[in-house]
2 protein chains.
Amino acid sequence: MRVLVTGAGGFIGAHVLALLHRQGQVGGRRIDVLAAADQRLGTLPAGVVALEGDLGSDELLARIAALAPDLCFHLAAVPGGAAEADPALSRRVNLDTTLDLFDTLAAAGTGHAPPVVVYASTIAVYGSALPELVTPQTPLRPPLIYGAHKLACEVLLADFSRRGRLDGRSLRLPGIVARPHAPSGLVSAFMSELLHALAAGEPVTLPVGPEATAWWMSARRCAWNLVHAATMPVGDDPARAWPLPVLHLSMADVVQALSAEFGVDGHALVRHAPQPDVEAVFGRYPPLDDRIPRALGLRDDGDARALVRRALAPAGDTGDF
Amino acid sequence: MRVLVTGAGGFIGAHVLALLHRQGQVGGRRIDVLAAADQRLGTLPAGVVALEGDLGSDELLARIAALAPDLCFHLAAVPGGAAEADPALSRRVNLDTTLDLFDTLAAAGTGHAPPVVVYASTIAVYGSALPELVTPQTPLRPPLIYGAHKLACEVLLADFSRRGRLDGRSLRLPGIVARPHAPSGLVSAFMSELLHALAAGEPVTLPVGPEATAWWMSARRCAWNLVHAATMPVGDDPARAWPLPVLHLSMADVVQALSAEFGVDGHALVRHAPQPDVEAVFGRYPPLDDRIPRALGLRDDGDARALVRRALAPAGDTGDF
C-alpha cells in the first residue's frame with residue numbers, strides 16, 4: 001500500500017513516520033511506498049519519498065495525485081496561536097488546503113475501497129465552557145479559529161465518507177508532549193516546557209496554577225493511536241470523529257511524576273503565574289467520557305510516570321510507542 | 001443603514017426583500033440603501049440597488065465592499081438535491097463563496113459595531129437518525145453535503161462573531177412553503193407541490209406516507225423571522241445558531257387543513273408512493289424543543305390553517321408576514 005504523511009517535518013508527524021517506517025506495514029498490509037510531505041523536511045528514514053513544498057500548491061497536489069495514496073495521515077496545520085494571529089493563513093492552510101487535499105485523494109483513489117484519511121483534529125473543537133464531564137453529546141463550541149477550521153474539516157471529511165469518496169477517521173488530539181524547545185505557535189507549549197525543564201533540573205514558570213487540569217498524551221502514544229485509527233473498525237458512526245483516551249492530570253500531578261522520575265524537587269523549580277485567558281482554555285479540562293474511543297482500541301499513556309517517560313524518550317529510541 | 005440581501009432573486013429572498021422594502025427600517029433604524037444580489041434578478045421594488053452576477057466573483061465582491069453593508073441577509077445557496085449532484089459546485093457556492101462574502105463584509109465594516117449577518121442555515125444540519133426530541137444537545141450529523149457545508153459556515157460565522165469581526169446569527173430553516181411550481185433542486189419540493197395541488201383542486205403524488213411528519217413554515221413567516229433575527233438580543237451563546245420554532249405536522253394534518261381551507265376532498269386527491277430514502281430524510285422529523293428560539297422572539301405560523309393561508313397568499317399581498 002501507498003502511505004502519505006503530511007506535516008511529516010513536524011513534531012507528531014516525525015513520530016508517525018518513524019513508527020510506520022519501523023513497522024513496514026499497517027493492519028497487516030505491507031507499505032510499498034511511504035511518502036512524507038511538508039514545507040520543509042529534515043533527514044528522512046531510508047527509502048521515504050520526500051514531497052517538499054506548499055501542500056496547497058498545484059505542483060504538490062499533482063505529485064500527491066500521481067502517488068495515489070491508499071492511506072493518508074493529514075497532520076499539516078497552522079497551530080492554534082499562529083492561526084489566531086493570522087486568520088487568513090488559517091483559512092488557507094487549515095481549511096482550503098485541507099479540502100483540496102481531500103478532493104485530490106478522493107479523485108486519485110484507485111483501489112476497491114476509498115482511500116483512508118486519518119485526520120489530526122483537536123480537542124480545541126470543544127470550547128472553554130465545558131460541562132462537568134465531556135461526552136459525545138457535548139456541544140462543540142471551538143474557542144479559537146484553529147478549532148473552528150478543524151471542526152469544519154471534521155464535518156466535511158465525514159461527508160466525503162458518507163459519499164463513499166474517502167474513509168475518514170478524525171482523532172481529536174489533546175495537548176501532546178514533549179514538543180522540542182522551539183517556538184511552535186501553540187499556546188499549550190508550556191505543557192512541554194514543564195517536562196523539559198524538570199527533566200533537566202531547571203526552573204520553569206507556568207501560565208496556569210497547580211490545580212489546572214489538562215488532557216495529556218505523549219507524542220509516541222499519539223503516533224501509535226493515529227496508526228491504529230487507520231484500520232480500526234469504525235462501525236456506522238456518521239461523524240467519524242473521536243477524542244483520544246487521555247490522562248486527566250493536574251499540573252501538580254505531572255510535577256509529582258517528573259520529580260519522582262528524575263529525582264528533582266519539582267515544587268522548588270516550578271513557579272505559577274496564572275494568566276486568566278490561558279487558564280480558561282487550557283487549565284479547566286474536566287474528565288472525558290472516552291468509553292467509545294477505548295472500545296475502538298485507542299489508548300492513553302497508562303499513568304503519569306509512563307507518560308513522562310514515553311514523552312521524554314530520545315528520538316532514536318526504538319522502544320514503546 | 002445599508003442592507004444587502006443575497007439570493008434575492010430566489011423564493012425566500014424575494015419575500016425578505018419585499019418585507020424590508022415595505023418596513024423601510026430594521027429594529028427602528030431607517031434603511032438608507034437596500035441592495036439585492038443574485039445570479040439573476042427579476043423586477044425589483046422601487047429604489048432597490050441591483051447587484052446581478054456571480055456572488056463569488058471579484059467584481060461582485062468589490063461592489064459589496066464598496067456598499068459596506070451594516071446588515072446582510074445571506075440566502076444565496078445551491079440547494080440540497082443540486083448540491084448532492086455536484087459536490088464541487090456546492091463547495092464553491094455554499095462554502096468558499098460564503099466565506100469570501102463573510103471576509104468581504106468584515107473587512108468593509110465601517111460602523112461602531114461589526115456588520116450583522118443573518119445566515120440562512122438549514123435543519124439539514126441535524127441528520128436523519130434523530131432522537132425522540134431534538135434539543136440544543138442533539139449531535140449534528142448532516143446527511144447531505146448541503147447540510148455539511150451549511151454547518152461548516154455556521155461554525156465559521158460563529159468564529160467571526162467571537163473575534164468581533166461580524167455579528168452573526170444563523171437560523172436553521174425548515175422546509176419552507178409554498179415554493180413556486182418550478183424545478184428548485186430541493187428534495188423537499190413535494191411539500192410545496194402538495195399545497196399548490198390541493199389549493200387548485202388537483203391530484204398530487206407524495207414520496208412519503210400520510211403519517212410522515214415534517215417541520216413546516218410559510219415563506220412569509222420565515223422572512224419575518226429572518227428580519228427579526230437581525231436585531232434580536234442573542235446573549236452570550238457562542239454558537240449563534242438556532243432552529244426556528246416550527247409546526248410539527250404530518251402530511252395528513254396538512255391535507256386536512258388544505259381540505260378545510262379550500263373546500264376540496266384532500267383524501268381523494270392525494271396519492272402516497274413512499275420512497276424510503278426521501279421518507280428517511282424528510283418524513284421522520286420528531287418534535288423540536290424550540291424554547292430558546294421562542295424566547296428570542298422567533299415564531300411559527302400559529303396553526304396548520306394559518307400556515308397554508310399565509311403560504312398561499314398572492315405575491316403582492318401586503319398582509320400578514
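Below, chains carry the letters A, B, ... as their sequence lines are ordered, and counting in each starts from 1. Fair warning: this is a prediction, and the values are worked out from it, not measured in the lab.
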Report, one line per pair, each donor and acceptor closer than 3.5 Å where one atom sits in a side chain of residues 55-68 of chain B; sequence neighbours left out.
| from | atom 1 | to | atom 2 | distance (Å) |
| --- | --- | --- | --- | --- |
| B/Ser57 | OG | B/Asp54 | O | 2.7 |
| B/Ser57 | OG | B/Leu60 | N | 3.2 |
| B/Arg63 | NH2 | B/Ala50 | O | 3.3 |

> Among B/Arg91, B/Arg141, B/Arg163, who wins on heavy-atom pairs under 4.5 Å with chain A?
Replying inline: B/Arg91

>> Applying a heavy-atom distance below 4.5 Å, give me the residues of residues 131-139 of chain A that approach chain B, sorted by number.
In response: A/Pro136, A/Gln137, A/Pro139

> Pick from B/Ala129, B/Pro143, B/Gly127: which one has the most heavy-atom pairs with chain A under 4.5 Å?
Replying inline: B/Pro143

>> Sort by residue number and list every residue of residues 149-160 of chain A having at least one heavy atom under 4.5 Å from chain B.
In response: A/His149, A/Leu151, A/Ala152, A/Val155, A/Leu156, A/Asp159

> Using non-hydrogen atoms only, which part of A/Asp96 is less than 4.5 Å away from chain B: side chain, backbone, both, or neither?
Replying inline: both

>> Using a 6.0 Å cut-off, check whether atom CG of A/Leu130 has over 12 heavy atoms from anything other than its own residue.
In response: yes

> Who in residues 236-243 of chain A is close to chain B, using a strict under-4.5 Å heavy-atom cut-off?
Replying inline: A/Asp237, A/Pro238, A/Ala239

> In Å, rounded to the nearest 0.5 Å, how long is the span from CD of B/Glu84 to CZ of A/Arg162?
Replying inline: 4.0 Å

> Given a strict heavy-atom distance threshold of 4.5 Å, which part of A/Leu95 is in contact with chain B: side chain, backbone, both, or neither?
Replying inline: side chain

> Hey, is CZ on A/Arg294 packed in by over 12 heavy atoms from elsewhere, all under 6.0 Å?
Replying inline: yes

>> At a 4.5 Å cut-off on heavy atoms, which part of B/Arg165 comes close to chain A: side chain, backbone, both, or neither?
In response: neither

